[in-house]
Protein chains: 2
Amino acid sequence: MAKIKSSKNATKKETIVEKASKLFFEKGFSASSMRDLAERVGVEAASLYNHIRSKEELLQEICFKAAQHYTENIDAIEREDSPFIQKIEKILRFHIDQMINNYEVVQVVDRDWKHLSEPYLTNYHNERRAYRKRITAIVEEGIRRGEVKDIDAPTAVLIMLHAVSGIESWHRSVQKISAKDLEENILLILLRGLGK
Amino acid sequence: MAKIKSSKNATKKETIVEKASKLFFEKGFSASSMRDLAERVGVEAASLYNHIRSKEELLQEICFKAAQHYTENIDAIEREDSPFIQKIEKILRFHIDQMINNYEVVQVVDRDWKHLSEPYLTNYHNERRAYRKRITAIVEEGIRRGEVKDIDAPTAVLIMLHAVSGIESWHRSVQKISAKDLEENILLILLRGLGK
DNA sequence: TTGAACTCCTAACAACCGTTAGTTTTATTA
DNA sequence: TAATAAAACTAACGGTTGTTAGGAGTTCAA
């Protein structure tokens, strides 16, 4: 009999969520079927329901776990007592790191969170907005203290957050620079600009 | 009898493609059904097939028309004899303009082009890569001439292209700055950086 | 005024969807 | 080893999917 092999000491549910992240990343949430997923897990579709409640629960799991991860990071950064430009740099470095090492999840969340149903949809949407607001506050404080250029803070935030999502292309590129170089280049561009 | 009303002098097919762009933008290609689309067009689903060949043809239409638009723009910019930092600025301004005024199409293309089937998928993928390569060449020439900071050009390009896609959030935001201010802020950040 | 070309309609197809029911096999524990 | 729980299986459900067939109403040129 086929048995779900849980590598390491991961729960079978965790294994399913992990495979789902990869599948959703490749095909998108709506275009991924439970039979697709079951095949990758090595099991019949119906068997998945011994471990999860629904397809959407997988998406919820993915979205809210990622959100928690980001929230914990900004919690720590807010607590820090360092120059605000350095806080911004740390936020960027975290986003870049996530995009390099956890990009499947990040991309699924960014692309497919809209397929959550209520009340999760509203819930997630609020969390997202709150997160952006916290970053905006940091940028604004940086401007007030003269550490950051006098720009529209919300615009700066949306650029920061979206710029790093370009790393997706980096993953696919053939001759790619090292992750470290990538990180430094992105920071250089965002903090110092393209022009000389 | 219900009749497809083609406003202005648009073909009925063009009307359908336009409605499809909006629908795909809202729900994603895979989650959009032909019955959804038919309802928005004001017609039964089967009737759509008097004007189009398949659901995917709609996506093809949307993707390749957009690609052509971008290609024409960079054709013109390459022909220009101006400083390379200015060429980069013009590319950015074009992308920003598209994202502000044609964002539904742009977002659909960016998110759903992977749902094209062969040979369109490979075709589109190549066009996309070629387009990025042309921008990279401009950035590299800018670096060589000392107009642009000495950065990894492909990294710069992926940041440029993705940063502007953050404008999506701007559309949804409540108290938004003017489109002109948005454009100037984005250019300021990308060309001069966040830091002071 | 006839006939061809269009474009709409209803009805239906086969395939696939997420999910449930009921059963059998495997793993755990006593 | 026997009893119980966990997790797999097969089969099928009701619904939706993209698309086609065939017919009826409309438009327009001859």
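Computed from heavy atoms alone, side chains included, the values below leave out hydrogens, waters and symmetry copies. Residue numbering restarts at 1 for every chain, and letters A, B, ... go by the order of the sequence lines.
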Practice task
Please confirm whether the backbone N or O of B:L161 pairs with a side-chain atom of B:S165, one donor and one acceptor, at under 3.5 Å?
Solution key: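 It does not hold such a pair.
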Do any N or O atoms of the protein come closer than 3.5 Å to N or O atoms of nucleotides 10-15 of chain C, and which pairs are they?
from: C:dA12; atom 1: N6; to: B:R35; atom 2: NH2; distance (Å): 3.4

Practice task
Using the test side-chain contact (heavy atoms from CB on, under 4.5 Å), find all partners of B:K114 that sit at least two apart in sequence or belong to another chain.
Solution key: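 B:K114 satisfies side-chain contact (heavy atoms from CB on, under 4.5 Å) with A:R111, A:E168, A:R172 only.
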Below the 4.0 Å mark, does [N] have OP1 or OP2 next to a side-chain nitrogen or oxygen of [X]?
X     : N      : value
A:S33 : C:dC17 : yes
A:K55 : C:dC17 : no
B:H51 : C:dC6  : no

Exercise for the section: Pick base, sugar-phosphate or nothing for B:S30, based on heavy-atom distances below 4.0 Å to the nucleic acid. Expected result: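 B:S30: no heavy atom of the nucleic acid under 4.0 Å.
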Practice task
Sort and list the pairs that fulfil ring-ring contact (aromatic ring centres under 6.0 Å, His included) and have at least one residue in residues 119-147 of chain A, not counting sequence neighbours.
Solution key: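 Found A:F64-A:Y124, A:Y70-A:Y131, A:H95-A:Y131, A:W113-A:Y124, A:W113-A:H125.
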Practice task
May I have all residue pairs that pass ring-ring contact (aromatic ring centres under 6.0 Å, His included) and include part of residues 144-173 of chain A, sequence neighbours excluded?
Solution key: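 Counting only pairs at least two positions apart or across chains, the ring-ring contact (aromatic ring centres under 6.0 Å, His included) contacts touching residues 144-173 of chain A are A:Y103-A:H171.
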Between [X] ([atom1]) and [N] ([atom2]), how many Å, whole number?
X      : N      : atom1 : atom2 : value
B:N50  : D:dT19 : CG    : P     : 14 Å
A:Y49  : D:dA8  : OH    : P     : 14 Å
A:L37  : C:dT19 : CG    : P     : 11 Å
A:E56  : C:dG18 : CD    : C1'   : 12 Å
B:D36  : D:dT17 : CG    : C1'   : 11 Å
B:H115 : D:dT17 : NE2   : C1'   : 15 Å
B:Q60  : D:dG18 : CD    : P     : 15 Å
B:E39  : D:dG18 : CD    : C1'   : 17 Å

Problem - Partners passing ring-ring contact (aromatic ring centres under 6.0 Å, His included) against B:F24 (at least two apart in sequence or in another chain) - result: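 Expected list: B:F29.
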Exercise for the section: Quick one: which residue pairs count as a salt bridge (charged side-chain N to carboxylate O under 4.0 Å, His left out) with a foot in residues 30-51 of chain A, not counting sequence neighbours? Expected result: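 Checked against salt bridge (charged side-chain N to carboxylate O under 4.0 Å, His left out) - neighbours excluded - the pairs reaching residues 30-51 of chain A are A:E26-A:R40, A:K27-A:D36.
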Exercise for the section: Would you give the length of the straight line joining atom CD of A:E183 to atom CD1 of A:I100, rounded to the nearest 0.5 angstrom? Expected result: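 Between A:E183 CD and A:I100 CD1, I get 6.0 Å after rounding to 0.5 Å.
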